[in-house]
Enquirer: 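Here's a structure for you.
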There are 2 protein chains.
Amino acid sequence: MEKNQKNERVTEILESAERFIRRGGFNAVSYRDVASDVGIKSSSVHYHFPHKPDLGVAVVERYSEKLLDALGDPSDPNEPVQERIARLGRAYAASLKEDKAICLGCILGAEISGLPQEVSDAVSAFFDRMIDWTELALAGAKGPTADARFILSSLQGAMVLAVTLKKPNHLDQTVRRLVQSLS
Amino acid sequence: MEKNQKNERVTEILESAERFIRRGGFNAVSYRDVASDVGIKSSSVHYHFPHKPDLGVAVVERYSEKLLDALGDPSDPNEPVQERIARLGRAYAASLKEDKAICLGCILGAEISGLPQEVSDAVSAFFDRMIDWTELALAGAKGPTADARFILSSLQGAMVLAVTLKKPNHLDQTVRRLVQSLS
DNA sequence: AAATACCTATCTATCAGTAGATAGATAAGC
DNA sequence: GCTTATCTATCTACTGATAGATAGGTATTT
């Protein structure tokens, strides 16, 4: 019971911090804002995450688990390659529409050189895991865009453009282009 | 003479602010840091840019001019479409290598929803101008990736991945893929 | 030409607000 | 009685911002 309660509170903190980060980057989250968002005092947030990088790393790791869970198996033999990549694209698109914010990896990747070392390491690890997933999903697919890094970075860039120009469809169009040129 | 001196000082301030922003976003630049970087007092920075959004807008507008100047004419009839897009790609790649930081539009686009209105408007305008340039450069080109928004967002995403994974080559590879699939 | 007034760019000094962080008290659960 | 999770209270450092002084240049007036 107490373990659940702790976890619930910790989860609330991480969800709040994720929202702030995805809105304005790592510097846009503060212990005070998260605390008042969750309904506790800032010192209580420090209890769970003594230093800010601890909080950042936890947010990234939780996000990483969540996203890879949602993506599921990259190498289901009953699924054509196009459908796998379309699934990846839909995951990003859903995240953009539901949370009305870009992907966490996107914003933290953009400001990577201004992040504390531990956080930037966590972000790199997240990217590596996403690349691994996408490479498995591609599984020998051919085409000018059949490259895990290319697909991922194009999707991430598409999210940035989509929010900047307030054109959420741009992400969907990008997914379509990437999928169509696979074979 | 005095006009030149003013402009030089303002330029120093803008260059310093751009460096800070491209490292860690809009919140990573402070009047004090810029001032000590330039060798003046923070109040002198306030003299030239009373409020922080003023500074942000000026940095974006200066960057926009610089980049579009460097890009030159998008519709030179003596130049094939592939070469025009390759030129765009080289501009980004050069900026990444020289400054060892991602594009300003990239980082500010990523944190757009956390920016002051005036700055976010300036960033949108910058993107619009880049799209205009690229649409002119494409001039009826065909191919699965022959779309201004797609090319630009892919390039920007590629910069993020390149700095995050410390693989500067990823940007060059992306440019090659984008150019090759044009016809 | 001299005197006056204004403008520019900087300085010093200071402000209220917020940042991350810590110490110590308190209460509940096992 | 120890652990967990919270609180109150506080600290130092830094944030953007402002007021007021100063020195040097420019323009206007006499």
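Within every chain, numbering begins at 1; the chains are lettered A, B, ... in the order of the sequence lines, protein sequences first and strands thereafter.
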Enquirer: What pairs with B:Phe20 under ring pair (Phe, Tyr, Trp, His ring centres under 6.0 Å), at least two apart in sequence or on another chain?
Expert: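 Applying ring pair (Phe, Tyr, Trp, His ring centres under 6.0 Å) to B:Phe20 gives none.
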
Enquirer: Taking N and O atoms by type only, does the side chain of A:Ser43 place a donor or acceptor under 3.5 Å from a partner on the base of C:dT22?
Expert: no

Enquirer: Tell me the interatomic distance from B:Asp33, atom CG, to D:dA13, atom C1', rounded to whole angstroms.
Expert: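 Interatomic distance, CG of B:Asp33 to C1' of D:dA13: 12 Å.
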
Enquirer: Listed in order of residue number, which residues of residues 25-32 of chain B have a non-hydrogen atom at under 4.0 Å from DNA chain D?
Expert: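 Contacting residues: B:Val29, B:Ser30, B:Tyr31, B:Arg32.
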
Enquirer: By the 4.0 Å heavy-atom rule, please label B:Lys52 as base, sugar-phosphate, or nothing.
Expert: sugar-phosphate

Enquirer: Rounded to whole angstrom units, what separation is found between the NE2 atom of B:His51 and the P atom of D:dG16?
Expert: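 After rounding, the reported distance stands at 13 Å.
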
Enquirer: Just do the side chain to side chain contact (heavy atoms under 4.5 Å, CB included) check on A:Gln173 and B:Arg149 with the steps written out, would you?
Expert: CA-CA 10 Å; A:Gln173 288 166 3; B:Arg149 286 181 231 270; 5.5 Å; no

Enquirer: Report the residue from B:Asn27, B:Leu55, B:Val60, B:Leu108 that forms a side chain to side chain contact (heavy atoms under 4.5 Å, CB included) with B:Ile21.
Expert: B:Leu108

Enquirer: Can you find a side chain N or O atom of A:Arg9 that sits less than 4.0 Å from OP1 or OP2 on D:dT6?
Expert: yes

Enquirer: Please state how far atom CZ in A:Phe49 lies from atom P in C:dT22, giving the value in whole angstrom units.
Expert: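 The answer, rounded to whole Å, is 16 Å.
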
Enquirer: Under 4.0 Å from OP1 or OP2 of D:dA5: is there any side-chain N or O of A:Tyr47 that close?
Expert: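 For D:dA5, OP1 or OP2 has a side-chain N or O of A:Tyr47 closer than 4.0 Å.
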
Enquirer: Side chain to side chain contact (heavy atoms under 4.5 Å, CB included) with A:Phe49: which of A:Val34, A:Val59, A:Ile13?
Expert: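 The passing option is A:Ile13.
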
Enquirer: Take the protein atom CG of B:Asp54 and the nucleotide atom P of D:dA17, then report the distance between them rounded to whole Å.
Expert: 8 Å

Enquirer: Just N and O in the side chain of A:Ser44: are any of them under 4.0 Å from OP1 or OP2 of D:dC7?
Expert: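 For D:dC7, OP1/OP2 do have a side-chain N/O of A:Ser44 under 4.0 Å.
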
Enquirer: Atom NE2 of B:His48 and atom P of D:dA17: how far apart are they, to the nearest Å?
Expert: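 Taking atom P of D:dA17 as the reference, NE2 of B:His48 is at 16 Å.
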
Enquirer: For residues B:His51 and B:Tyr31, report the shortest heavy-atom separation together with the two atoms involved.
Expert: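 Closest heavy-atom pair between B:His51 and B:Tyr31: C-OH, 2.9 Å.
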
Enquirer: Whether the A:Ser95 and A:Arg22 side chains hold a donor-acceptor pair (N or O, under 3.5 Å, no angle test) is what I'd like checked.
Expert: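 Yes - a donor-acceptor pair under 3.5 Å links their side chains.
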
Enquirer: Any Lys/Arg nitrogen of B:Glu65 or B:Arg62 sitting under 4.0 Å from an Asp/Glu carboxylate oxygen of the other?
Expert: no

Enquirer: Whole-Å distance between C:dG20 P and A:Phe20 CZ?
Expert: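 Result: 11 Å.
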
Enquirer: Would you kindly give the CD1-to-C1' distance between B:Ile13 and C:dA9, to the nearest whole Å?
Expert: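 Spelled out: CD1 on B:Ile13 to C1' on C:dA9 is 10 Å.
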
Enquirer: Roughly, in whole Å, what's the span from NE2 in A:His46 to P in C:dT22?
Expert: 8 Å

